[in-house]
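What follows is a single structure, written as structure tokens, with notes after it.
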Amino acid sequence: MSNLRVRFAPSPTGYLHIGGARTALFNYLLAKKEQGTFVLRIEDTDVARSTRESVDAILQAMDWLGLSCDEGPFYQSERFELYQEKIEQLLAEGKAYRCTCTPEELEEKRNRALAEGGKPKYDGTCRDRAAQDADLPHVVRFRFPQQGETSFNDRIKGVIRFANDELDDLIIRRTDGTPTYNFVVVVDDATMGISLVVRGDDHVNNTPRQIPMYEALGFPVPEFAHVPMILGADKSRLSKRHGATSVMAYRDLGYLPEAMVNYLVRLGWSYGDEEIFSMDELIEKFSLENVGKSAGVFNPDKLLWLNAHYIKTGDVGRLAGLLRGHLLELGIDADGGPVLEAVVRSLQERAQTLVEMAEGARFYFAGKIEYDDKARAKCLTADKKEPLLEVVRHLEAMRECTLESVENAFAAMMAATGLKFGQFGPAVRVALTGSMSSPSNYEMIAILGVEESCRRIRAAIEVLE
RNA sequence: GCGCUCAUCGUCUAGCCUGGCCUAGGACACCGGCCUUUCACGCCGGCGACGGGGGUUCGAAUCCCCCUGGGCGUACCA
């Protein structure tokens with residue numbers, strides 16, 4: 001075990017999205033690589049917006065991606081006592097103060113400052129007033145240093161400095177008594193012993209507000225690594241209108257978790273020219289040094305390509321299990337049909353997602369083939385009757401039905417009759433599947449079996465035009 | 001507005017720190033060809049970028065400055 005302690009701290013106000021998943025992944029990889037500890041913390045201080053469903057969705061998504069935590073999940077909503085204690089401590093030490101300005105007054109001051117070209121920060125009305133009556137409605141503000149500067153050496157972005165007079169005394173406890181994000185994140189990261197905070201770029205600006213609080217509380221300041229944002233195709237922040245942003249939506253779309261992990265890690269990180277990484281390789285090769293500084297655009301095409309790669313190379317048994325679920329979604333019960341593993345093998349190289357595979361597998365389980373109009377008109381013509389009957393004859397003469405025996409049967413038929421593939425092949429394909437594109441005839445027949453294959457061919461003969 | 005930050009093919013990126021090996025490499029997408037019993041897979045090839053302007057230097061994608069553009073923040077959200 002090393003001393004490295006990292007954490008992923010999502011707020012449960014929705015599903016785990018692409019950006020959050022990547023942050024979680026980076027943290028996970030770092031922890032595994034250094035044999036450190038990966039802590040999961042649920043940031044639910046905003047009681048109104050946090051939901052149990054979101055927590056479950058996030059946990060489920062992390063589980064799907066294989067990002068197991070070593071500690072947690074911890075819930076901030078269960079730690080209010082600790083936060084209260086720390087706030088009282090700051091109050092007692094004069095490092096925080098009660099403020100009775102109303103939201104309306106603040107809003108008004110902000111607007112005025114902005115209109116006059118000034119900074120919309122808190123003007124410090126209550127800062128220097130004598131201690132405010134604790135019985136009056138009030139918030140608690142952290143007394144932020146107004147001189148000097150706050151800086152930190154970001155592990156990804158390098159040194160970042162802020163002039164302290166840019167920041168104001170932020171609210172750490174609301175009127176309703178609940179603590180706010182910027183404060184609890186400090187208390188939690190400190191008390192949970194987090195040594196490296198890896199989080200989204202959007203928190204860079206929060207960092208200089210948090211550092212003085214670590215110091216005021218007497219905590220050591222952790223290291224920070226801010227990972228760049230993920231943008232949509234138009235370079236604006238990734239959102240629903242750019243397509244699915246929920247990680248779990250991709251599972252339902254037929255994506256494999258390893259494809260998602262592989263895609264996510266390469267968005268912002270690279271390792272020479274390598275594109276394909278297993279989780280184990282990532283644990284070995286991932287490092288913050290190779291994380292880029294600039295925001296990246298989410299590219300669904302590349303994710304799709306990776307998914308196709310993992311489907312092509314995936315374990316057939318596992319894929320069959322997953323395919324079963326997707327077939328069910330299409331109303332197809334795989335039981336009683338052809339061996340699913342064989343079905344997967346025949347479709348592995350032609351499906352980019354499991355949903356595509358399920359759709360491509362439809363014909364295997366169809367009782368009655370629905371012919372594509374064009375395919376039927378082109379391939380199921382009257383002159384195919386004799387060739388198709390020959391096919392049936394030769395297939396039924398086989399002793400066993402394997403890929404090899406089917407191939408031999410066709411070879412024998414062609415030798416005996418002089419028929420060329422074009423005279424029966426396309427027709428067989430349409431008879432078997434209803435369409436002009438499919439796995440190879442031989443393979444399909446081997447999978448469907450002689451009886452079913454011949455039944456389909458005979459049915460096609462009935463409808464020749 | 002102000003603050004922080006980023007900037008290589010359409011996209012993800014290598015190269016940048018330690019200038020010359022860069023007529024800028026790889027991947028996705030796209031286009032063409034090959035393979036082929038269809039569709040795919042695969043293979044081969046093509047298209048395609050250092051945002052602009054100033055410097056520094058014998059030499060800059062690489063160093064410096066300015067401009068422009070993008071992102072983030074500026075909440076009693078996280």
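Throughout, protein chains are lettered first and strands after them, A, B, ... in sequence-line order, and every chain is numbered starting at 1.
Nucleotides B:C12 and B:A29 are separated by 15 Å at their P atoms, to the nearest Å. A distance of about 30 Å separates the C1' atoms of B:A27 and B:U68, rounded to the whole Å. Nucleotides B:A60 and B:G52 have their P atoms positioned 15 Å apart, rounded to a whole Å. Nucleotides B:G15 and B:G26 have their C1' atoms positioned 11 Å apart, rounded to a whole Å. With P as the reference atom, B:A24 and B:G70 are 29 Å apart, rounded to whole Å. Using P as the reference atom, B:C44 and B:C35 are 15 Å apart when rounded to the nearest Å. Annotation: B:C50 and B:C63 have their C1' atoms spaced 15 Å apart (nearest Å). With C1' as the reference atom, B:G51 and B:G10 are 15 Å apart, rounded to whole Å.
Taking only side-chain nitrogens and oxygens, A:K235 never comes nearer than 4.0 Å to OP1 or OP2 of B:A7. In terms of phosphate contacts, A:S435 brings no side-chain nitrogen or oxygen within less than 4.0 Å of OP1 or OP2 of B:C39. Contact annotation: A:K312 side-chain N/O to B:G42 OP1/OP2 distance is under 4.0 Å. Remark: A:R237 is in phosphate contact with B:G73, judged by side-chain N or O atoms under 4.0 Å from OP1 or OP2. Dashed line: the shortest gap from a side-chain N or O of A:S270 to OP1 or OP2 of B:A14 is under 4.0 Å.
Base orientation of B:C43: anti, since the glycosidic angle falls outside 90° of 0.
Listed candidates were B:U74, B:G73, B:G26. Nearest to the side chain of A:N205 is B:G73. The A:F162 side chain lies nearest to B:C4 when the options are B:A78, B:U13, B:C4. Of the candidate nucleotides B:G26, B:U38, B:C6, B:U38 has the atom nearest to the side chain of A:S438. Minimum atom distance to the side chain of A:D301 is reached by B:A29, of the listed B:C2, B:U38, B:A29. Of the candidate nucleotides B:U38, B:C4, B:A78, B:A78 has the atom nearest to the side chain of A:N182. Nearest nucleotide to the side chain of A:D273, out of B:A78, B:C39, B:G26: B:G26. The listed nucleotides are B:C6, B:C4, B:C76; the one nearest the side chain of A:R110 is B:C76.
Both A:E274 and A:D46 lie close to RNA chain B; mapped to their nearest nucleotides by heavy-atom distance, the more 5′-ward contact belongs to A:E274.
For the pair A:L264 CG and B:C28 C1', the computed distance is 16 Å after rounding to whole Å. Atom CD of A:E275 is separated from atom C1' of B:A27 by 4 Å (rounded to the nearest Å). The nearest whole Å value for the distance from the NE2 atom in A:H17 to the P atom in B:A78 is 15 Å. Counting to the nearest Å, the P atom of B:A29 and the CG atom of A:L303 are 12 Å from each other. Rounded to whole Å, the distance from CG on A:N307 to P on B:C41 is 14 Å. Between A:H309 atom NE2 and B:A40 atom P the separation is 20 Å, expressed in whole Å. Look at CG on A:L306: it is 10 Å from P on B:A29, rounded to the nearest Å. Across the protein-nucleic acid pair, A:K302 atom NZ and B:A27 atom C1' stand 4 Å apart, rounded to whole Å.
Nucleic acid contact for A:G268: sugar-phosphate only, since backbone atoms but no base atoms lie under 4.0 Å from a heavy atom of the residue. A:D44 comes within 4.0 angstrom of nothing in the nucleic acid, heavy atoms only. Residue-level contact check: A:S11 touches the backbone only, with heavy atoms under 4.0 Å from sugar-phosphate atoms and none from bases. The residue A:H226 sits apart from the nucleic acid: no heavy atom pair falls under 4.0 Å. Here A:P10 lies out of heavy-atom contact (under 4.0 Å) with every strand. Residue A:R173 is out of contact with every strand shown, counting any heavy-atom pair closer than 4.0 Å.
The environment of CD in A:E370 is sparse: at most 12 heavy-atom neighbours from other residues, nucleotides or ligands sit within 6.0 Å. Counting non-hydrogen atoms of neighbouring residues, nucleotides and ligands closer than 6.0 angstrom, the CG atom of A:D373 reaches no more than 12 such neighbours. Around NZ of A:K121, the count of heavy atoms belonging to other residues, nucleotides or ligands within 6.0 Å exceeds 12. For A:E404, the CD atom is loosely surrounded, since the number of other residues' heavy atoms within 6.0 Å does not exceed 12.
Classified by interplanar angle (parallel below 30°, tilted 30° to 60°, perpendicular above 60°), the ring pair A:F286/A:W269 is tilted. A parallel orientation is assigned to the rings of A:F152 and A:F162, their planes being inclined by less than 30° (bins at 30° and 60°).
No close placement of the A:F142 and A:Y97 rings is indicated, their centers lying 6.0 Å or farther apart. Checked against a 6.0 Å centroid threshold, the rings of A:H203 and A:Y181 count as neighbours. Between A:F424 and A:F410, a ring centre-to-centre spacing shorter than 6.0 Å is recorded.
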If you apply the rule salt bridge (charged side-chain N to carboxylate O under 4.0 Å, His left out), what do you find for A:E274 with A:K285, and how did you get there?
CA-CA 11 Å; A:E274 289 184 43; A:K285 295 174 174 173; 3.1 Å; yes
Short heteroatom pairs, N/O only, protein and nucleotides 61-65 of chain B, under 3.5 Å:
none

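Considering A:T178, A:T180, A:D188, A:T45 as possible partners of A:Y83, the one that fulfils the side-chain hydrogen bond (donor to acceptor under 3.5 Å, both in side chains) test is A:D188.
A donor-acceptor contact under 3.5 Å is not formed by the side chain of A:E349 with the base of B:G42.
With A:Y122 as the aromatic partner, A:R141 meets the cation-pi criteria of under 6.0 angstrom to the ring centre and within 45 degrees of the ring axis.
Side chains of A:L395 and A:I445 form a contact here, defined as non-hydrogen atoms less than 4.5 Å apart.
Taking every heavy atom of residues 416-434 of chain A and every atom of RNA chain B, pairs under 4.0 Å involve A:F421, A:R429, by number.
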